[in-house]
Each structure stands twice: as C-alpha cells, then as structure tokens.
Amino acid sequence: MKRMTDTSRTGLDGAGSDALLRAGRFFTRWEETDDGRAVFREGGRAGDVFYRDRWSHDKVVRSTHGVNCTGSCSWKVYVKDGIITWESQETDYPSVGPDRPEYEPRGCPRGAAFSWYTYSPTRVRYPYARGVLVEMFREARDRLGDPVEAWAEIVGDPVKRRTYQQARGKGGLVRVSWRDAIDMVAAAHVHTIKTHGPDRCTGFSPIPAMSMVSHAAGNRFIQLIGGVMTSFYDWYADLPVASPQVFGDQTDVPESGDWWDATYLMMWGSNVPVTRTPDAHWMAEVRYRGTKVVTVSPDYADNTKFADEWMPAQAGTDAALAMAMGHVLLKEFFVDRRTPFFVDYVQKYTDLPFLIRLEEHDGADSGGGLVPGKFLTATDLGGATPEDAWKTVLLDGTTGEAVVPNGSMGFRYAESGKGKWNLDLEGVAPALTLAGDASEPVEVLLPAFVDADGSGTVLRRGVPARRVGGHLVTTVFDLMLAQYGVGRDGLPGEWPTGYDDASTPYTPAWQAERTSVPAEQCIRIAREFARNSEESGGRSMIIMGAGICQWFHGDATYRAILSLLILTGAMGRNGGGWAHYVGQEKCRPITGWISLANALDWSRPPRTMTGTSFWYMHTGQWRTDGYSADSLNSPLARGHLSGKHTADVIAESARKGWMPFYPQFDRSSLDVGAEAAAADDPAQYVKDALADGRLKPAIADVDAPESWPRTLVLWRSNLFGSSAKGNEYFLRNLLGTHSNVLGSENPAAPRPSEVAWHDEAPEGKLDLLVSADFRMTSTTLLSDVVLPAATWYEKHDLSSTDMHPFVHAFSPAIDPPWEARTDFETFHAIAQRLSELSKKHLGTRQDLVSVPLQHDTPGETPRDPYDTTPVFQVVERDYTAIADKLASVGPLADTLGFTVKNVTYRLEEQVAALARSNGVMSSGAGAGRPSIATDQHLAEAILRFSGTSNGALAVQGFRTLEERVGKQLHDLAEGSEEKRISFADTQAAPVPVITSPEWSGSETGGRRYAPFTVNIERLKPFHTLTGRMHFYLDHDWMTDVGEALPTYRPPLDMQRLFGEPALGSDGQLQITVRYLTPHSKWSIHSEYQDNLFMLSLSRGGPTVWMSPQDAGAIDVHDNDWVEATNANGVLVARAIVSHRMPQGVVYVHHAQERTIDVPKSEATGRRGGIHNSVTRLLVKPTHLIGGYAQLSYTFNYLGPTGNQRDMVSTIRKRSQEVTY
Amino acid sequence: MRVMAQMGMVMNLDKCIGCQTCSVTCKQAWTNRAGTEYVWFNNVETRPGQGYPRRYEDQEQWHGGWELNKRGRLQLKTGGRLKRLLSIFASPVQPELKDYYEPWTYDYATLVEAPLGDDFPVARPKSLITGEDTKVTWSANWDDNLGGTSELGHLDPIVAKIRQESEDKIKFEFEQTFMFYLPRICEHCLNPSCMASCPSGAIYKRSEDGIVLVDQDRCRGWRQCITGCPYKKIYFNHKSGKAEKCTFCYPRIEVGIPTVCAETCVGRLRYLGLFLYDADAVTAAASVPDEKDLYEAQMDLLLDPEDPQVIAAAREQGIPEDWLDAARRSPVYALAKKYRVALPLHPEYRTMPMVWYVPPLSPIVDLLSEQGHDAEDRDVLFGAIEALRIPIEYLAELFSAGDTEVIDGVLRKLAAMRSYMRGINLGREPDESIPASVGLSGETMYEMYRLMAIAKYDERYVIPKAHVEQAHDLEELGCSLDYDEGPGMYGPFGEASGRPVPVAVENFQALQQRQTSDEPAGNEELRGRVNLLNWDGNGTPRGLFPPRREEESR
C-alpha cells in the first residue's frame, strides 16, 4: 500500500509530552493507540447509557399533520409512558418502481417540530370565552332560564353587544366549562336561525384533504342547519382561474413522482424546496437523469440553487416573458416549420381550429374595424335544437367544409349527444388556418396592455378570413398568430420587424424591457423547451406557483404560460404539462367526502359561497374600493361592465345566478321558504317576488343589519391571523373591535348603483365568533368562544394530496389531553345541544335555498346565458334532528346516489355494506341508517363511497361515463372491483388509490399520475365549451376586459387606482415598494410561525426581506425594526437585508401574525398587524362570470380570487426602542 | 496493517435544499433539554456565511485541529501537550455565548392569560439564560438563505481568504448571487483532535465502528475538547457542566437503523455505511507536509473491501463477516473512493474526518455576462463548469485545502453524468465518450447515477448490526468496575454515593414527571423561562387562569 509520508518523522509532539500525557490521564484500562493519540473502547459501556435511555420508547404511532400544505406526509410519533416525545418520518410508502426514487421520507422541519405544540404553553387546554360576555350570558340564562332567550337579550341590547364586540382581541379570556361553551354556541345558532334565518350562520374550514373527517364533521353540521360554508381555494388565490377557463377543470396536476418523467423542467413562481419540501428531491434527482432545470423568479429563490438557468423576471411581469416565448414558439414551430407533433396535437385537443365570428366594432375610440366575437355554432349554421347553440364548428382541412365535430358542450347533456361526447374527429383533419385561396385577408383590432399604468391600446393585425354560413370567420389559430404578432405574407396590419423590435408586443426584445430577462435568453429557452417536447413526446413540464398565481391578473399570466405547454403537446403526458401546486391538496376520495360533508344524503342543495366576494362585501372593503370595473376595460370594450362598481358586478352575478351570495334575501329564508312552499311553483313564486320588489336580495343593502352574517364558526383555520386580506377591515367592520386602518373612505371613490350606500359603515356585524384550535392564534384571541381542539396526534382522520397517490391515516398517539376534544366530537356536542334547544325554538321549517347555475350540470348551458336566474329550491329542515342526521347516512345516498362531475354513483349496495360494517342507528331520525357516529365510522364511509378507494364504484363510474362518451373507459379500473381501501388499511401503511373517473389521469399499470391523460389517450372531452383546451374565451365580459386571448397585463397601478404613493424613494427616508407575501420557510401559513424550534432557526419574529439598495435608501441595517404601511394598515417587523432580493420589492412572508414579538406601531400606537394588515381585497370581475359552459360556478372551482400580490407599501425605519 | 471499521456518512450537497429537517429531528431526539438549548448536534449552514458558531473555521482565532510542529510532528494547534497540561486551569480558547447565541423563548402564557386590556396580547422574547426580556439579535442559523450576508458576509473566513487574493472573486450583488447549504454533524474523525485534547480521557472512539463519544461520567468539564475540535462540534452543557456531542445515533446504528438526521433527510442526500481503514497508518497520513496532499492521504487510508489481503487482515482483527459484507456494499465507500465524488470537510485540519461531501454543482451560468454557450447546439444544454456561479475556489477551501483541481474533477463527473444520462433518457444511443472523458466506464457512471439519483432506502443506508454478544463479553473484560447497569445505574450505593448523577441525564422518567406533575417546573429558578424545555404547561402558575368557580366545572 502506498504511503505518502515518512513514518520515521511522524508521531505526536515529542517524547516528553507523551510521558506527561500518560501521567495526566486517569488510569485507564482502555485500549489506546500506541502513540496515545486515540482511545478506543468497545460498545455497550455505561457511559453511553444516558443516550440509550433517551432513545428508548414504548410505541410508535402512525399519524400526520393536518396543516394546510400539500405534504400529506406519514409520520412516526414516538410515545414513552403516555407522553409524546418526538416524531420522525415514516419510510414505508409503497414503491413506485425499481428505476425511480421513492417517496420516502416525506416531511419537513415544520412537521418535525409539531410535537412541541402538544405540551407547549400556547396550547389551548380548556374552553375559554370572553369574560364580559360570559358574565352577561350566565346572568341572563340564570334569570331567564333559557340560553336562547339569554343570547337574544344580549345581542338585542346594543350596549351589551358593543361591549363584548369591542373587547375582541384585547385579552380577558376566561376559562369556562364545556357545558357553558356549548350552550352559548348552540344558543347563538338557534337564535340566529330563528330570528334572521339559517343563511346568517357561517362556517369556514379549509382544505378537506388534510383531515377529511374533521372537515366533514363541521361542514356537515353547517349544511344540515342550512348555514353557509365559504370557500377557500379561490379565497386563498390558490385557484388558478385559468384552469377552469382553459381546461374546464378546477385543478388537476401530476404527482411529484411524475417530475421524474420530465426531460425539461421549469419552475415558474414556485419555490419548490420551501413550499414542496418533501417533493423537492424529485427535482434535484431528475437533473441527474439529464433533465434541464430552469427557474423564473424575481429573487434568487431557494430553487435557483438547482437551476441550470435563472430567468429573473421582475415581479408580476411573467406573462410578458411567456407571451414572448409563445411568439418564438409560434413563429419557429408552427409558421417557419410546421412541427407535425405539435400540429397534430393542437388539431385534436385544442380550440385552435375552431371558427370565430368576426364582427364590426362600433366603438368610437377604435375608429371602426373588425373584432373577434363568438365561436361559430351549429345554430349559426341553421341548427334548431337548444344544444346546437353549444356546438362549435371547424373546417375540414381537406374539403373546406364546415364540420360540427363531436365533443363540444352541445353533446354533453342532450339526449342527441349520447355516445358522441368525445374527441373523435372521425377522419376529419381540421384546418388550423384559413390561409389559402378561399380566404380573404382582413384586419382585426386586438387589445393590448403595454403601459405600466394598465391602460389599453389597440393592435391592428391581419388574419385570413372566410364566410361560413353567411358569417365572416377566422380560426382561433389565426387569431393567436395575430395576437402574438407572428406575421405571414399577405396579411394587413402592423407587425413586429423581428425579435429585436422592442416597441411591438410580444417580441423577445419587447419583453426584455418589462421583465429584465435578456431577449436572447428568452429565445433560447423557448427553443429548448419546444425542441425538448418534440424529441421527448411532450415531456416538457412547468411547475407553477403562488408567485405568479396570486396576482390580480394571475389568470392572464397562467393562460400565457399554459399556452406554451398546450402548443408543444405537453398537456396530458407523463412528465409533461403544468404542475400547479398552490393550495388545493387533492381530496382523492372526493365523492364520499364532498357528499357527506355537504350532507347530500339528507338534503340538497347545500349553501356554498365564494369567500372573496363574501368577505369583500361583509367587511366593507367594497366601500373603499378606489376604482370601477371601467379601469380594467379594454379600449375595445362594449360596455357590459362600464360604470360598474365591483360591488355592482358581484350583485349582478348573484342576481343572475352566476355566483352565489349569502345571506340571500332581506329577510329570513325560512319565512320565504314557508311562503314559497305554499305556492304552486315555489321557484316561480320567488322569481316573481324578486321581480315585483316584495323580496330583495340581501346584497342590495348589504350593510343593513338584516343582511349581516351573524355567526361564524372557524375550525382548522386561522382566518384572522392568516388569509384575511384586508385584515384591519375584518377587525373594524366585521368584528367591531379596534383596528389599524389608516386610510379614510375616499369621498370621490365611485359608488355602486346596485348596492345601497350608508354614510356610516356598520361596525360589528358578527354576533358570535367561535373557533376551535389547539394553539393560541390571532383568531382565538379575537374569538368570543375558544374551544380546545385535539391535535393531529390525538385523533383518527384521513389525509391525501395531489403530490402523491396515497391515502393514509391520522391516529391518536395519546388521547386528547386536558379538556381537548376532536373537531368531530365538538360538532356532535354542538349539534346535540342545538337539537335539544330547537324543540322549543325551531321545530321543522321550510328553507328557501338559492344556488347558482353549476358547472358539470346542464345548468351550464342555459338558453340565454346573459339572462339567467339562480336556482330556487325549498328544503325541509327538522332542527330537532340535526344531531341524529349528523351521525347517520341519510336516505338520499341510496335513492339519488352521489354525483361528481356529472357522473352519478349508485350506492344501494355500498350503503347496505356500510350498514353491516359500521352498524345502524337504533332510534331517532337516523333509525336504521348506517352509523357515522364516530370519526372512524365517518372515515370508513368516505372511503367506501369514493371510486378512488372503492374499485367497484370506479368501474361503475367509468361504465356510466362510457355511455355518454362512446369510448371504452372501464378497462382503466377493471380488475379493481374487489379492491376496497378500508380505514384500517390506511392505518397500516399509505395505500395507493384506484384510477377513477373522479379525476382525469390514470395510474393504471403502475404509471405515475398525470392529469388529462385519460382525455388525451381515450378522447374523453375536456369539460369546456368546445370539449377541447381553450385559448379563446368568448364571453362578453372576457372580451370587454380584453382577455379573450392569452395576453399580458401589468401589475395593478396602485397609485392610479388607490392613490397610494408612487413606487420608489421620496427622499424622506421612506420608500414605496411592491409588497409581496410569498410562503415562508419557517411556517405553513401561520402554523409553526409561533413554534419555538422554527423561531430559533429563523429570526425569531416577524421579518421583511429587502434589498441592500432599498435598505440603504432608508438607512436600514440588518435586523433593524421597520414599519410597512399603506391605507389598509401597518406591519411592524425587523428587516432582513440580503443581496438575493431585487430592488423595489420586499418579501413579508406569509403568514406572520400578531402573536409573537410584535411591538406597538409608531404609525398608530397600536399593536402592529399581520402580514395581511397591509393588503386588501381586489376582485376581478371576470372571475364572477357564471352559467356559461366551463365558466360556471362550483364551490372552490370558480370564483373571484382573493389575490394580494399587487400591493404596494411604504417602508420606513422606525425607532429601534420598541414597546409592547 | 491494522484494519478497523468506521461508520461514515456522505452528504450530497448538490441535493441539499437547506430545509433543516435534520436539525429539528436531531434536536427533538437528543438536545431538547435544559442546558442544551443552544446545542445543535446537527446544524445546516448557508454558505457563504459565518457558520455555527460564528467563524468557527477561523483556526487562527479558535486554535482547533492539528498542525505540524517544527519537527514535522503532529501537534494540536493549541500547542504541545506539555503546554496544555500546564495551562489546564486557564480558560480554554472557546466560543462564548455571543459566538453561539443566547437562546430564547417567549412569554407565550400571556396569550392565554392576558386580562382585558386595550390591545392584542403578544408574546415577547425572553432570554433562556437570564429569564429577562431580550432582543433577538443572533441565532444558530441567522444568515439562513443569505439573510444579512450583504452586510456580514465578509466575516465568512473563506470569503475573507479568497478576497485576499482578489476582491472581485466574491461580490454580494444580486446578479452574482450564489449559495448552498452545508449540513454538519460531528465528523467522527480517524484522528480526532477533541479526543487528544481531553485531559480526562473521557472522549473515546468505539473500536467496532469508530463512533466518537464523550463518557458522561468521566467528563470533568475541562472544555479542552471544545477548543480542540476545529468543527466546533462539541458543546458544553451549561447545566451539567459536561461536554456533549453528536453520538452518530449509536443506539439506532447498533440495531441497524440510520441516524435520525440521515433517515429524516427529505433531500435524500445522506448515505451511511462502513469504511475499512488502516489504523496504523492514520498518524502518518495526517502528517503529510503539504496540506493539498491530505485528501489523497486520507483516501489511501481507506482500504478496498474487495481486496483479499484486506479481508484477511480484517478477519484477523475479529471484524465479523456481516460487517465485511456491509463494507463491500458500502455507499460511502463507493462515493468517496470508487467514484471519488465525495470529499472530506477541511482536510487541512488533519483530523481525517469521516463525514464526506459531494460538492454542489450549482450550474447556473452567470446571468448578465455574455450568454456563453451556443443555444443552437442541443448537446450543450447545461452550463460549462467554468461558468459556475459558486466560485470553485470557495468549494476548494472547504473540501480540498484549496486545491481547485480536485473540485473541478468532481464537478466534471457530475456534469458528465447528466449529459450521459440525458441521451439514455431520450432513447438515444448512449454516448460512451462522455464517461470516458472523466475516466469512468459507462457502466460505472450508470451505477453512480443510480446511487446518486435513485438511491433506495437500503442502498443509502448499509448498516451492519452490532454484535451485542461480543460487546457484552468485552464489557466485562475491558470496561470499568465503577458501575452496574440497571435501576440504580449510578452506582451500587444509591445516588448519594459514588459520583454525582449527571444533571444531563434527563431520562424519560424525569420527562414524564415534568410533563405530568401538578407543580409547574417554572416557578423558581426557571422563572420567566416558560417554554417546553423547562415548563411543560402542566399545573396552573399563578395568574394563568381566573379562579375556578364551583358551578362551572363540567
């Protein structure tokens, strides 16, 4: 063996010290190296005992974290002598195959720190209530002998009501018994239902997938009493509205294991290591397979560390980059060279070959000209059936004849469409372009938004057109080339001179001026992306995230990026397409969960509400909105939104039944229900009453007391410390307590015409705010009643996610300690008491329920989509039986089945089988019905009633779907009939789900889940107007805002719209910057932001990341205290100065709340706010479109987003001596 | 040749996402106790950055590790043994609390107990050392993700060193931003300077697996080991007055379970396995004159487990067959010696560290510089090594005593692997010239790819179980007579006799007592230090709750 050293020279020190060393040590009998350098001992020595003892434990329990993240990681919880000690990740996920990495271990530092909460001093151990309220309640209850009357007296007394409302958030919580807490909550609900109507009772609890049973228990209670559940996915701005717009689907995305199949991977506004921590390894590992990784991020984000290229597009300008990449792609891969792989794909699966009518624009501004209008339909060609209006038309590329191909919406519901709702072109090769002999080149007007202030201009570009059935038409593809500025010979109009034409949208040079991404890089990445897709068969993938989704115009940005994927044939491929991971957390056993959560087994329809419009209206944020819908209009708008305040748009959308609004009417829905039930045609009765003014929508006078929401139940949620955009308005207007709102109402701001104006804004709408949690949050601090919740290591529940294909269990490692209860137990206790109190106060009532036209139902194809009404239906509610119904599966499960995405699952056999396994109720309203009286029973029922977890239903669902599609599908699940995932299975190990029509992808044969593979491979249509993926959206409102086609819209100009200061420094040691709230490394939303481990590893309190340049401009150094203010409120935090931040942007990580190290603000003298104290709600009118094919409402599926990325804030250095 | 077995770890920094899960799970399992609040057996540093404790790599300041004396003999940087023995009662050179951080908690109880006031209650930070209100100004991970680095980054000893050569090499500017993460545990060195520093002989290296441990009973709290360790991975428990360090999770390793940090690593970047090495050759290897030869010297210590001579010698030393088998399947041997992509951390400390690192590829090309490579050429999809954002000199200072050629060689292998595999992935004919260009066969490169990318659980962790039957025999022979195991584990005469019970020994019985006792642990000497570490939420400290009334009880 080679030696590099001269051994004679080596040794330690010298002989003298060697001797001393031996003398200096205690006598040992241990083995040493000859030179005394090292001491060796064998294992198993007494000195090791301490660590051995510490490591020992009695048992390990499988559970997980019900936090709002997409992890759904299975964990080992270690227990010793009944004490939870720590946790580590499970590693027993079923293998995904020999040639790819595995899902183990899944977890992140936040989850690893969870057990801290179990015994932490911030644990909610007992029920609490505001002292002043408790005293009043007890006194009145003792005196009146009835909790409902006691509650009525308190809330009926303006002085008493204000007293406890104004105490909200100011301490003074006192410990109460469960009995008192439940009494108060139940009484408040009974009083509200009795006096105002059940649609004044509200509940909010997000993300069912992260603990389906806990979510369903409360949701089911709210729906049984006729209350309103507000949405979360759109409210969080996690919903990519582009998804329903383009795909007709809420969101469906690949599991992270499918990143391994990609050969080109972009991360666009998605900081995977931080927000998808357990999945990030797939991204790191696939690089070793030769996949190129590109990030688009305004800062040097964590994922940039892994990237081959970084495209540092300035915040909010991403669509400009995407449009320019699309420009390159269309020019080089469709015009200069027709790439067969791409052309075949877009002909089959997109609306590009479909015909659009060109119409004369009559607007004065435009000086006349042609504009693209609506899809040419079979009606335009003389079709006479109602469904013909929903059948779109293309030209046969060979014959030039107009063809009405299968698969459009007109085939989906009509009897005539049976077996024809498919993408089979039956031999027709559609013409992508009309260019050719038979066409005439015409000039069209297209809107563009190139100025930073957001105002529009008009582009004049040419398309080849033809007359079909008397209509002048062109194709969507021809319009796309015009929109993107890809010129062809012989067409009129103004076109870019080349890629380097910086003055014309949407060239690479044009985008460079907006995004700072070099034109050369934009061109190169676009080419690489497309070539990769061509060579690999569509394995180009883009992971998209909140960094681009949560902008006001996030939908436009998404459409521009999705276009890149669709044009390159990457959607519906393993390893290709979009991967949007913001919020959703796929509830894989969806049919069982959604049906039981909404109590559809007992009564239908449920009341569900778009969160954004609900809070926008009820927290009074509409009153300070500085702009009307006009300011969003395209210069080519035709007036459908003109002069309308955003509140008007919401009111109109509700009036037309496009989107829901609650409360419904200016009086109780029970009173209206009684009247309507007595009429021959209840729905007509309501329509007439609304028409003649006997009945008014509540939103028409939303600030009147009869329109207020009265109770709000929060569980699994920290609304007031996390998602409440415009937080200070929530405090002031909804809760009636102190706030840090800094702006005053602008008298010059536009006023709505459909919503009444009160000079005095109401403060304190809510009678009762109740929350259940295991830790003290901003929400529990504000609540009137706080209920101690069991943690995730203390209950049975189910978890699933979009990131992996497994369903697995929560299990109690210990029983809920102190007086904590599971959410399941809590709602059963409330229901029990409510049922008792209802004997005297409510009994059985008729409730008139108003709901909008729903997506995936015939309601989305109305006869006149611009003249519609909501659906009105009478529902009978026996309030004395709420607890019984909560605990049993009702009869509608057998008689009507459960329906998801228009596939109805017949459940007679499953209900009978559940009755055998769970047992049946012996008495009460649920007598003889299967029990769901325990959390484990409910978990079992959810799994049994879903196709993904019950193979018999998956096969049944596919067979049902086959009748409509006319293509074979059931083989996707065939063989799984006998396979059923039981709750016990999920407790033993994570279990892979079964391919089911509930979702659009297939796992059959062990492949990784990728969305829309069933559509692409089996020709099942997308749930859209054409049945294909849409580039073009022809609704009047879309056209008016100039977004019929993919486009770029700059971030909102907050100075123009709200009078906020201009961006930049004003020389006064304050600087106005874009205020962004990306997801934090140290918390999952607000969860863990108070956890001592996370605080010790971060900066220990609220922070603002800023660039050295911006910090320098206001004399701020690292860790200095600063204040961020604007009209909405104030945030006090410490600065983190870093060169990884770009100038002009600060990051205030979501969700920093006000519980940890938040001093008093200099601006207001009050406690600084949460990250959302400096934001407000901005509602985009086009998100309120409904009743129009894929642009139709479904809960969490479509609705206005609570976006918050366009905010600006002024940052100021403050005194470094803070007070608390 | 004296063959010994050594458990080793490799961390592939190219995969590290800096999430700190390892830090948390380690702390939860091992140092979630009074006296060890600031102790992170496993920490993760953002580089460039100062590390934990601050500037620990500056051995001119901290005197850690070994150096060669004038006669070319190895001596501790603190000086010869004579000097150290004579100065044993003087304070050793070691980081103070300000170099670590003052651990803190919050006045969480206020959130529950605040009386009705005029504003939101808030939990203020409280020092865990003094119990008083505090301001948070530093932590174990303060410069995470380059926080504050534009102001403080020049304090990174490596940055300072590289800048001495050229100011332009590292600039803290947006366009040139680079970073990576460096997770660190105890290096379980072959030539541990902590052990050599200990006057009490309390630090020992386990002969069967090389894990370095502090005997809690024997430690006298001299703290010389803290100075001696150049990685500052020995910590002083300020309650027990003893040194504590990463144990390589030996209670888990002994039964074949990976260390907590490795098993919980969601980046899947840690590998555990055996090295066989020649114990007789360690001192010589650590004494090579040129620091840049230390890496090769250390590689030479690692014996080929397939070599019949090595196997025979190992058997002679009593290394069991299943251990030899594990050594042959060892992923750490493969990454360090076979593929030569894993490197030791600071070989110039001459401690022969046994935690190895694959340097990060960080392939981003410089954004605003000339767009160097030709986009038209589809084979040049990845950036060139020359254009890496992380200065190669920075990595060389960490892993090869400044020798950039070593780093370059590793990074070229990683880049070649990506290029080679892309062809295979896209179904092209494998281009064997690519592995050949970095001296590997296509087959070896494919094996390396599988180990680095796919790396199933039982391939990442190859851990032979301890031979307990032998350990107990040896114990009776070689171990001390001072103690018995069992209930009264601290001596035959009860707690009052013999040596005092180390306070550090907080076992589950003690934990349970705290968690379930009626009296809060935090009333007296722990006043104001309300957090899980010392107040578990049991009992009702004064003022926490309003007096309970009879009729309210449930």
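In this structure, B/Met179 and A/Tyr300 have side chains that are in contact, with non-hydrogen atoms separated by less than 4.5 Å. Here the side chains of A/Trp86 and B/Thr25 are not in contact, with every heavy-atom distance at 4.5 Å or above. Put simply, the side chain of A/Asp302 does not reach to within 4.5 Å of the side chain of B/Ile17, judged on heavy atoms. Side chains of A/Pro105 and B/Thr264 form no contact here, defined as non-hydrogen atoms less than 4.5 Å apart. B/Glu151 has its side chain within reach of A/His1117: a pair of non-hydrogen atoms, C-beta onward, lies under 4.5 Å apart. The closest side-chain heavy-atom distance from B/Val122 to A/Thr1155 is not below 4.5 Å. Side-chain atoms of B/Pro121 and A/Arg1167, non-hydrogen and from C-beta on, never get closer than 4.5 Å to each other. Side-chain contact between B/Cys19 and A/Cys108 is absent, with no heavy-atom pair separated by less than 4.5 Å.
At a 4.5 Å heavy-atom cutoff, the contact between B/Tyr449 and chain A is made by side-chain atoms alone. In this structure, the portion of A/Ala280 lying under 4.5 Å from any heavy atom of chain B is its side chain and not its backbone. A/Glu87 touches chain B through backbone and side chain together, each having a heavy atom under 4.5 Å away. Heavy atoms of A/Leu1097 lying under 4.5 Å from chain B belong to its backbone as well as its side chain. A/Arg1134 touches chain B through its side chain: at least one heavy atom from C-beta onward sits under 4.5 Å away, while N, CA, C and O do not. Interface remark: B/Thr247 contributes side-chain atoms only to the contact with chain A (heavy atom separation under 4.5 Å). Only the side chain of A/Leu782 comes within less than 4.5 Å of a heavy atom in chain B; its backbone stays farther off. Only the side chain of A/Thr91 comes within contact range of chain B, with heavy atoms under 4.5 Å apart.
Across A/Ala112, A/Pro1159, A/Pro273, the residue that shares the most heavy-atom pairs under 4.5 angstrom with chain B is A/Ala112. Each of A/Met1094, A/Arg106, A/Arg130, A/Lys1160 has some count of heavy-atom pairs under 4.5 Å with chain B, and the biggest count is that of A/Lys1160. Note: A/Asp99 leads A/Val132, A/Thr1103, A/Asp299, A/Asp99 in heavy-atom pairs under 4.5 Å with chain B. Of the listed residues (B/Met417, B/Gln20, B/Arg252), the greatest number of heavy-atom pairs within a distance under 4.5 Å of chain A belongs to B/Arg252. When B/Pro125, B/Ser23, B/Cys265 are compared by the number of non-hydrogen pairs under 4.5 Å with chain A, B/Pro125 comes out ahead. When each of A/His738, A/Arg100, A/Arg1154 is scored by its heavy-atom pairs under 4.5 Å with chain B, the top score falls to A/Arg1154. Contact tally against chain A (heavy-atom pairs below 4.5 Å) for B/Pro103, B/Ser139, B/Gly117: the top residue is B/Gly117. Contact count versus chain B (heavy atoms, under 4.5 Å) is highest, among A/Val124, A/Ile1136, A/Thr277, A/Asn303, for A/Thr277. The candidate from A/His281, A/Lys170, A/Arg1166 with the greatest count of non-hydrogen atom pairs under 4.5 Å with chain B is A/Lys170.
Between B/Phe174 and A/His1139, a ring centre-to-centre spacing not shorter than 6.0 Å is recorded.
To the nearest 0.5 Å, the span separating CZ on B/Arg418 from CZ on A/Arg287 amounts to 6.0 Å. If you take CD on B/Gln28 and CZ on A/Phe1093, they are separated by 4.0 Å, rounding to the nearest 0.5 Å. We find the OG-CG distance between A/Ser1138 and B/Leu146 to be 5.0 Å, quoted to the nearest 0.5 Å. In this structure, OH in A/Tyr288 is found 6.0 Å from CG in B/Leu414, a value given to the nearest 0.5 Å. Between the OG atom in A/Ser1098 and the CG atom in B/Asn145 there is a gap of 11.5 Å [rounded to 0.5 Å]. To the nearest 0.5 Å, atoms CG (B/Leu111) and OG1 (A/Thr777) are separated by 9.5 Å.
At distances below 3.5 Å, not a single donor-acceptor pair connects side-chain atoms of A/Arg289 with backbone N or O atoms of B/Met421. Formation of a donor-acceptor pair under 3.5 Å by the B/Tyr420 side chain with backbone atoms of A/Gly290 is not found in this model. In terms of modelled atom types and a separation under 3.5 Å, the side chain of A/Lys305 and the main chain of B/Gly18 share no donor-acceptor contact.
A salt bridge is absent between B/Arg124 and A/Asp1157; no separation between the charged side-chain nitrogens and carboxylate oxygens falls under 4.0 Å. Salt bridge present: B/Arg268 and A/Glu104 bring a charged side-chain N and a carboxylate O closer than 4.0 Å.
Between A/Ala167 and B/Leu116, the shortest heavy-atom distance links the atoms CB-CD1, 3.7 Å. Counting all heavy atoms, side chain and backbone alike, B/Trp104 lies closest to A/Leu1092 at O-CD1, 3.5 Å. Closest approach of B/Val24 to A/Ala113, counting heavy atoms only: CG1-N, 3.8 Å.
Using modelled atom types and a 3.5 Å distance limit, the side chains of B/Tyr108 and A/Asp1090 yield no donor-acceptor pair. Residues B/Asn141 and A/Arg1099 have side chains that never bring a donor and an acceptor to within less than 3.5 angstrom of each other. Side-chain N/O atoms of B/Glu263 and A/Gln89 include no donor and acceptor closer than 3.5 Å.
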*When you look at A/Arg539 and B/Asn425, which way does the side-chain contact (heavy atoms from CB on, under 4.5 Å) test go after all the steps?*
CA-CA 11 Å; A/Arg539 290 160 67 189; B/Asn425 189 0; 2.7 Å; yes

*Check the pair B/Phe120 / A/Val1158 against side-chain contact (heavy atoms from CB on, under 4.5 Å), numbers first and verdict last.*
CA-CA 10 Å; B/Phe120 277 99; A/Val1158 175; over 6 Å; no

*Criterion side-chain contact (heavy atoms from CB on, under 4.5 Å) on B/Trp142 and A/Asn1119, from CA distance to verdict*: CA-CA 10 Å; B/Trp142 190 258; A/Asn1119 210 37; 3.4 Å; yes

